There are 2 protein chains.
Amino acid sequence: MKYDELEVDQCATVVKQLSGDDIDAFARASGDHNPIHTDPVFAQTQGFADRIAHGMLLASWISALLAENLPGPGTVYLRQELEFRRAALPGDTLSVSVTVAEKRRRGRVRLDCLIQNQNQEDVLRGLAEVIAPG
Amino acid sequence: MKYDELEVDQCATVVKQLSGDDIDAFARASGDHNPIHTDPVFAQTQGFADRIAHGMLLASWISALLAENLPGPGTVYLRQELEFRRAALPGDTLSVSVTVAEKRRRGRVRLDCLIQNQNQEDVLRGLAEVIAPG
């Protein structure tokens, strides 16, 4: 969506179920094989019911939503702030959303980013800054 | 490395050569199949010599370095700021480093994050906040 068409409070959301395969694929792609992501038994020693997703896997879903939906193809990624609030485990149903927070000069747009689980608990909060397509 | 052993200015670096396979694996793992990452011809229409890495692929290398090296296993990821400065292309040799910037209360540590290419140009700059192992 072009910069001129974007409106503050405009929102895009995708709902995804996190799987162990998602985590395994991300471990291979990132090279992060920390056992808290790959080994349920180790994760239990750390106080989790199961292994947990990499924070950057969840962040990559935000990045994909920006690139594919809002603003969508042609978006240039400038900055991203990420706050990891709660672990996400295989089987969790995650609602990933980005909301236009501010239109700035020269095509720049800030978007609030939020991932919540099936209990409406915040898993990740963030702020993206992009250049929207002209 | 435990919180008490960490020192300000302590640094960990890994050098990685970015491949097209890295980008393809990350596209599958993240679901971000934007043609700027997957199609060299499209990327050329956008002014790049080749397709470019996802910013979050590069960020995931920082995350892996924090998790595996400094502070290392047991690190809890709280926050990450990312500033995407320059595109990275297949064949680029990227130096990924994290440097302890500040030790705070209750095990919290801030680390400066930097990725530079083979021309010593900044590709990504950032700031991580973690809880180091106790």
Side-chain angles (χ1 to χ4, degrees), chain A residues 14 16 19 21-38 42 45-48 52-69 72-87 96 124-131 133, chain B residues 14 16 19 21-38 42 45-48 52-69 72-87 96 124-131 133:
Chain A
V14 63
K16 299 178 77 113
S19 71
D21 286 348
D22 291 332
I23 299 172
D24 292 336
F26 196 85
R28 287 193 298 274
S30 67
D32 182 348
H33 299 281
N34 188 311
I36 206 163
H37 306 305
T38 60
F42 177 83
T45 69
Q46 305 298 303
F48 297 103
I52 66 173
H54 306 72
M56 285 300 168
L57 167 55
L58 307 176
S60 77
W61 289 354
I62 288 173
S63 169
L65 190 59
L66 295 167
E68 298 189 350
N69 294 62
T75 297
V76 177
Y77 214 172
L78 298 178
R79 287 177 47 82
Q80 178 71 55
E81 297 176 17
L82 300 165
E83 189 182 340
F84 304 109
R85 303 283 288 258
R86 178 179 289 268
V96 183
L124 185 157
R125 297 192 73 97
L127 180 68
E129 185 167 335
V130 303
I131 301 177
Chain B
V14 62
K16 298 179 77 115
S19 71
D21 285 350
D22 292 332
I23 300 174
D24 292 336
F26 195 85
R28 287 193 298 273
S30 67
D32 182 349
H33 299 280
N34 188 312
I36 207 163
H37 306 305
T38 59
F42 177 82
T45 69
Q46 304 298 302
F48 297 103
I52 65 173
H54 306 72
M56 286 300 169
L57 167 55
L58 306 176
S60 76
W61 289 354
I62 289 173
S63 169
L65 190 60
L66 295 166
E68 299 190 350
N69 295 62
T75 296
V76 177
Y77 214 172
L78 297 179
R79 288 177 45 81
Q80 178 72 55
E81 297 177 16
L82 300 165
E83 187 182 342
F84 304 109
R85 303 283 289 257
R86 180 179 288 267
V96 183
L124 185 156
R125 297 192 74 98
L127 180 69
E129 185 166 335
V130 305
I131 301 176

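Computed from a predicted model, the values in this text were never measured in an experiment. By convention in this document, chain letters (A, B, ...) are assigned in the order of the sequence lines, proteins followed by strands, and residues within each chain are numbered from 1.
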Taking all non-hydrogen atoms of both residues, which atom of A:L57 and which atom of B:A29 are closest, and how far apart?
-> CD1-O, 3.8 Å
Nearest 0.5 Å, what's the NE2-OG distance between A:H54 and B:S60?
-> 8.5 Å
State the OG-CG distance between B:S30 and A:D22, to the nearest 0.5 angstrom.
-> 10.5 Å
Chain A: which of B:A59, B:P73, B:G74, B:G55 shares the most heavy-atom pairs with it under 4.5 Å?
-> B:A59
Passing candidate, side chain to side chain contact (heavy atoms under 4.5 Å, CB included) with A:F84, options B:E129, B:Q80, B:R79 = B:Q80
Can you tell which of A:R125, A:K16, A:E83 has the highest number of heavy-atom pairs within less than 4.5 Å of chain B?
-> A:E83
Take A:Y77 and B:M56, measure what side-chain contact (heavy atoms from CB on, under 4.5 Å) needs, and give me the verdict at the end.
-> CA-CA 10 Å; A:Y77 214 172; B:M56 286 300 169; 3.4 Å; yes
